[in-house]
Peer 1: 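Before we start, here is the structure in question, set down as C-alpha cells.
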Amino acid sequence: MLQVAVIREQTNKVLDGLRKRNFKDAETLVNEVMLIDQRRRDTQKQLDDLKAKSNIDSKKIGELMKAGKADEATSLRATVSADKENVKTLEGELDALEKKQQELLYKIPNVPNEKVPAGFGADDNLKVYEHGTVPKLHDGALPHWDLIKKYDIIDFDLGVKISGAGFPVYKGKGARLQRALINFFLDEAVKIGYREIQPPIVVNETSGYGTGNLPDKEGQMYFVNEDGLYLIPTAEVPITNLYRDVILSDEDLPIMNAGYTPCFRREAGSWGAHVRGLNRLHQFDKVEIVQIRKPEESYQALEEMCLYVQGLLEKLELPYRKLLLCGGDMGVNSAMTYDMEVFSAAQQRWLEVSSVSNFETFQANRLKLRNKSKEGKTQLLHTLNGSALALPRIVASILENNQTPDGIRIPKILVPYTGFDMIN
RNA sequence: GGAGAGGUGGGUGAGUGGCUUAAACCAGCAGUUUGCUAAACUGCGGUACUGGGCAACCGGUACCGGGGGUUCGAAUCCCCCCCUCUCCGCCA
C-alpha cells in the first residue's frame with residue numbers, strides 16, 4: 001500500500017511509475033485519493049477543534065460544580081451536549097472517508113523502480129544475464145512427467161486418489177531428492193548468514209493483509225473456514241509478518257531470515273497449456289529468503305540476493321537466465337523483480353524457478369514495520385524476498401537435463417544429501 | 001469440550017467517574033559530578049492522524065485488547081466480540 005503522503009507530494013512520480021505498469025485507472029484513482037484525502041483532512045481539523053472545545057468546557061463544568069455555581073454549570077452542560085451532536089456527525093463522515101481512502105489505496109499497485117522497463121508482459125522483460133549451456137539430450141529423451149513414471153519416483157495418480165489433482169506423492173528416491181534439496185537450500189542459506197525460521201503454515205487474516213495477499217488474492221489461498229485461517233501460499237507471509245507492528249532499532253538490522261515451508265496455492269483459473277507434471281502444483285515445497293533493510297541499502301541487498309540464488313543454480317549445474325521484469329509483468333506489491341529461469345531440455349522451455357523482489361515500503365506500510373534510528377528518526381523499512389529455491393521446477397529440470405540412457409544423474413553437490421548419485 | 005483468571009506505556013505494575021497531564025519502580029536516552037568505572041543527582045520519553053512554519057520548533061485530536069453504549073466528562077460503569085494464561089477432560 002502506498003503512503004498517502006507520497007501520492008500527495010510526488011504525484012507525478014507515482015503516475016509515471018504506474019504508467020510503466022500499464023495500469024489503466026492510475027489517474028482516476030490517484031485523483032480520487034487526493035480528493036478524499038483533502039476532505040478527510042478538512043473534516044479531521046473541524047472535528048479536532050470541536051473536541052478540543054468540548055474538552056475545555058467539560059473540565060470547566062467540574063470546576064463550576066465544585067465552586068457551587070450550579071446554574072452556570074447547567075447552561076454550559078447544554079452547550080457541550082449540543083456540540084456533541086456535531087462531533088457524532090463529523091466522526092461518521094471521517095470514518096466513511098477513511099474507509100473509502102483505504103479501499104482506493106488497496107487498488108493502487110506499487111510504483112516500479114526507475115530501472116524497471118515499461119512493458120505489457122513476459123515478452124518485454126529484459127534479459128540481464130545468462131549462464132551455462134543447454135545439454136544435448138540423447139535420442140528418446142523424455143519430459144519429466146514421463147521420467148517420474150519410468151522410475152516410479154513421483155505419483156500423481158495416488159495424489160489424486162487421496163487429495164486431488166496437483167498434489168503429488170513423492171516415493172522412494174523421489175522423496176529423498178525432495179528432502180535433500182530442502183536441506184541443501186537451508187544449509188546454503190545459513191552458511192551465508194541467514195537465520196533459519198520454521199513458521200506456522202497457516203496464518204490469520206491480519207497476516208494476509210500484512211503482506212498484501214489480502215484482499216487482492218483472496219481466491220488463491222486455501223481457507224480453513226472453521227478457524228478463520230489461511231494456508232500459506234509462501235513462507236514470505238508468516239516470516240514477513242513476524243515483523244508486523246514492530247519498530248526495529250539500528251542494531252537489529254539487517255534482518256535476514258530463511259525458512260522452508262510447504263506452500264499451498266489454489267491456482268484457480270490458471271490451468272492450461274504448459275502446466276503438466278511438476279510445472280504447476282497446489283502444494284509444493286520452497287525455501288524462502290526474506291530480508292528487511294534500511295531504504296538506502298535495499299537495492300544492494302536485492303542484487304546480493306540474486307547472486308545468492310544464481311550461485312545455487314550454478315552449484316546444481318543448471319543452465320539459467322536472469323530477467324528484469326517489466327512493469328506489466330511484475331506483481332502488484334513489487335517495486336523491482338528479477339526472475340530466474342532454468343532451461344528445461346526435454347520441454348524445450350524456460351521455467352521460472354525463482355522470483356526475487358524488493359517491495360520497498362509497500363509491504364512495510366501495511367505491516368507498520370519501521371526503524372527508529374539512533375537520532376530518533378522513525379521511517380518505514382524496505383522488505384525483500386526471494387525463492388531460494390522452489391522445488392518442483394528444479395526437480396523437473398534436474399530430471400530432464402540430467403537424464404541418460406542409464407538413468408538420471410544427481411548433481412554432485414546433492415549426492416551427500418541424497419545418498420545416491422543415480423536414479424535408475 | 002468444561003471451569004476459572006486476566007489483557008494498562010519498552011518491562012513490572014498501581015489506578016471504583018473530574019485532584020490522571022496514567023502513579024511508582026526497572027530499563028533507555030541526555031546532562032551534572034568524576035582520574036576511570038561505578039554510584040548519586042537532575043531532566044526527557046511512545047505511536048498515529050493533523051494545524052502553523054523553509055526549518056529548528058510550537059499546537060490540536062486520538063490511543064489503557066477491539067467495537068458499541070451511558071455521561072457535560074470513562075482506563076474506571078454497561079453490552080458484544082477477540083486474544084492470552086491456569087486447571088480439568090480428551091489426545092499426538
Side-chain angles (χ1 to χ4, degrees), chain A residues 1-10 33-106 198 200-210 214 223-230 238 241-253 361-381:
Chain A
M1 189 170 68
L2 293 176
Q3 294 158 268
V4 194
V6 170
I7 294 178
R8 191 166 62 214
E9 286 153 23
Q10 303 173 44
V33 164
M34 290 200 295
L35 199 75
I36 299 280
D37 182 50
Q38 189 57 53
R39 285 174 55 195
R40 190 194 103 246
R41 285 152 70 207
D42 291 346
T43 308
Q44 170 138 19
K45 177 76 176 122
Q46 270 183 53
L47 180 60
D48 285 354
D49 289 349
L50 191 56
K51 276 183 172 172
K53 177 175 176 287
S54 291
N55 284 344
I56 292 166
D57 287 347
S58 289
K59 202 162 261 183
K60 217 177 281 174
I61 291 171
E63 286 162 14
L64 289 169
M65 294 297 281
K66 233 169 268 168
K69 299 178 181 169
D71 289 354
E72 287 180 46
T74 308
S75 82
L76 193 53
R77 196 175 286 175
T79 312
V80 179
S81 282
D83 286 343
K84 207 187 156 191
E85 289 306 307
N86 290 326
V87 165
K88 276 200 168 167
T89 311
L90 287 168
E91 274 177 344
E93 285 173 25
L94 184 63
D95 190 52
L97 288 166
E98 280 172 351
K99 280 207 174 101
K100 179 70 186 163
Q101 186 172 60
Q102 184 80 350
E103 258 171 53
L104 291 168
L105 287 171
Y106 277 149
Q198 200 172 106
I201 59 172
V202 291
V203 293
N204 57 29
E205 190 183 30
T206 313
S207 297
Y209 277 95
L214 294 173
F223 181 57
V224 185
N225 189 47
E226 192 80 1
D227 297 295
L229 296 169
Y230 293 85
N241 269 284
L242 297 176
Y243 300 91
R244 169 154 46 80
D245 294 319
V246 167
I247 299 180
L248 295 168
S249 59
D250 288 352
E251 306 86 73
D252 299 325
L253 294 164
T361 60
F362 199 77
Q363 282 184 330
N365 187 33
R366 277 205 205 179
L367 289 162
K368 299 200 191 75
L369 165 55
R370 287 158 293 175
N371 161 237
K372 186 167 191 174
S373 68
K374 287 193 191 77
E375 299 79 41
K377 292 255 183 209
T378 305
Q379 64 176 348
L380 289 172
L381 286 161

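Below, all heavy atoms of this structure are taken into account, side chains as well, without hydrogens, waters or symmetry copies. Labels below follow one simple rule: chain letters A, B, ... track the order of the sequence lines, proteins then strands, and each chain is numbered from 1.
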Peer 1: Return yes if a side-chain donor-acceptor contact under 3.5 Å exists between A/Asp57 and A/Ser54, otherwise no.
Peer 2: no

Peer 1: Go through B/U50, B/C72, B/G46 for me and flag the one nearest to the A/Val80 side chain.
Peer 2: B/C72

Peer 1: With rounding to the closest Å, how many angstrom separate the P atoms on B/C19 and B/A74?
Peer 2: 12 Å

Peer 1: Can you pull out the residues from residues 45-53 of chain A that lie within a 4.0 Å heavy-atom distance of RNA chain B?
Peer 2: A/Lys45, A/Asp48, A/Lys51, A/Ala52

Peer 1: What is the separation between atom CD on A/Glu205 and atom P on B/C82, rounded to the nearest whole Å?
Peer 2: 14 Å

Peer 1: Considering every strand shown, what is the Watson-Crick or G-U wobble mate of B/C29 when both distances are under 3.5 Å?
Peer 2: B/G43

Peer 1: Under a 3.5 Å cut-off for both distances, is B/A22 Watson-Crick or wobble paired, and to whom?
Peer 2: none

Peer 1: Just how far, in rounded Å, is C1' of B/G18 from CD1 of A/Ile56?
Peer 2: 15 Å

Peer 1: Given that both distances must come in under 3.5 Å, which nucleotide forms a Watson-Crick or G-U wobble pair with B/U71?
Peer 2: none

Peer 1: Is the backbone N or O of A/Ile61 less than 3.5 Å from a side-chain atom of A/Arg77, with the two atoms forming a donor-acceptor pair by type?
Peer 2: no

Peer 1: B/G52 P sits how many Å from A/Asp42 CG, rounded?
Peer 2: 10 Å

Peer 1: Give a yes-or-no answer on whether the side chains of A/Tyr106 and A/Gln102 include a donor-acceptor pair shorter than 3.5 Å.
Peer 2: yes

Peer 1: A/Lys88 side chain: which of B/U50, B/G69, B/U21 is closest?
Peer 2: B/G69

Peer 1: Test side chain to side chain contact (heavy atoms under 4.5 Å, CB included) on A/Asn365 and A/Leu2; report intermediate values, then the result.
Peer 2: CA-CA 7 Å; A/Asn365 187 33; A/Leu2 293 176; 5.8 Å; no

Peer 1: To the side chain of A/Thr378, which of B/U47, B/U50, B/U70 is closest?
Peer 2: B/U47

Peer 1: Considering Watson-Crick and G-U wobble pairs with both distances under 3.5 Å, what does B/U37 pair with?
Peer 2: none

Peer 1: Identify the nucleotide, in any strand shown, that forms a Watson-Crick or G-U wobble pair with B/G17, with both distances under 3.5 Å; if there is none, say none.
Peer 2: none

Peer 1: For B/G45, measure the glycosidic angle (O4'-C1'-N9-C4 for a purine, O4'-C1'-N1-C2 for a pyrimidine) and name it syn if it falls within 90° of 0, otherwise anti.
Peer 2: syn

Peer 1: What do the steps show when you test A/Lys45 against A/Asp49 for salt bridge (Lys or Arg N to Asp or Glu O under 4.0 Å), and what is the final call?
Peer 2: CA-CA 6 Å; A/Lys45 177 76 176 122; A/Asp49 289 349; 3.1 Å; yes

Peer 1: Expressed as a whole number of Å, how far does the P atom of B/G60 sit from that of B/A22?
Peer 2: 13 Å

Peer 1: Between A/Arg41 and A/Ile61, name the one whose nearest nucleotide on RNA chain B is closer to the 5' end.
Peer 2: A/Arg41

Peer 1: Rounding to an integer number of angstrom, what distance separates B/G31 and B/C85 when you compare their C1' atoms?
Peer 2: 43 Å

Peer 1: Pair A/Lys51, A/Asp48 - check salt bridge (Lys or Arg N to Asp or Glu O under 4.0 Å), show working.
Peer 2: CA-CA 5 Å; A/Lys51 276 183 172 172; A/Asp48 285 354; 5.5 Å; no

Peer 1: Say you pick atom P in B/G2 and the same atom in B/U12; how far apart are they, in whole Å?
Peer 2: 31 Å

Peer 1: How far does the P atom of B/G65 sit from the matching atom of B/G10, given to the nearest Å?
Peer 2: 13 Å

Peer 1: State the pairing partner of B/C49; accept Watson-Crick or G-U wobble contacts with both distances under 3.5 Å, and report none otherwise.
Peer 2: B/G60

Peer 1: In whole Å, what is the span from the CG atom of A/Asp245 to the C1' atom of B/G10?
Peer 2: 15 Å

Peer 1: Report yes or no: does A/Ser58 contribute a side-chain atom to a donor-acceptor pair with the main-chain N or O of A/Asn55 at less than 3.5 Å?
Peer 2: no

Peer 1: Looking at B/G73, I'd like to know if its phosphate oxygens (OP1 or OP2) sit under 4.0 Å from a side-chain N or O belonging to A/Lys84.
Peer 2: yes

Peer 1: Taking only the side-chain heavy atoms of A/Asn55 (C-beta and beyond), determine which of B/A48, B/U50, B/U61 contains the nearest atom.
Peer 2: B/U61

Peer 1: Between B/C91 and B/U76, how far apart are the P atoms? Round to whole Å, please.
Peer 2: 44 Å

Peer 1: Is there a donor-acceptor pair closer than 3.5 Å between any side-chain N or O of A/Asp95 and the backbone N or O of A/Gly92?
Peer 2: no

Peer 1: What interatomic distance, in whole Å, is found between P of B/G13 and the corresponding atom of B/U50?
Peer 2: 36 Å

Peer 1: With respect to the phosphate group of B/U71, does any side-chain polar atom (N or O) of A/Arg77 fall under 4.0 Å of OP1 or OP2?
Peer 2: no

Peer 1: Taking 4.0 Å as the cut-off, does a side-chain nitrogen or oxygen of A/Arg370 come that near to OP1 or OP2 on B/U47?
Peer 2: no

Peer 1: Does B/C87 pair with anything, Watson-Crick or G-U wobble, both distances under 3.5 Å, and if so, with which nucleotide?
Peer 2: B/G2

Peer 1: Hey, is CD on A/Gln379 packed in by over 12 heavy atoms from elsewhere, all under 6.0 Å?
Peer 2: yes

Peer 1: Taking CD from A/Gln44 and P from B/G51, how many angstroms apart are they, rounded to a whole number?
Peer 2: 8 Å

Peer 1: Over how many whole Å does the gap from A/Leu97 atom CG to B/U50 atom C1' extend?
Peer 2: 14 Å

Peer 1: Using atom C1' of each nucleotide, how far apart are B/A75 and B/G6 to the nearest Å?
Peer 2: 15 Å

Peer 1: Strictly by Watson-Crick or wobble contacts shorter than 3.5 Å, is anything paired with B/G7, and which nucleotide is it?
Peer 2: B/C82

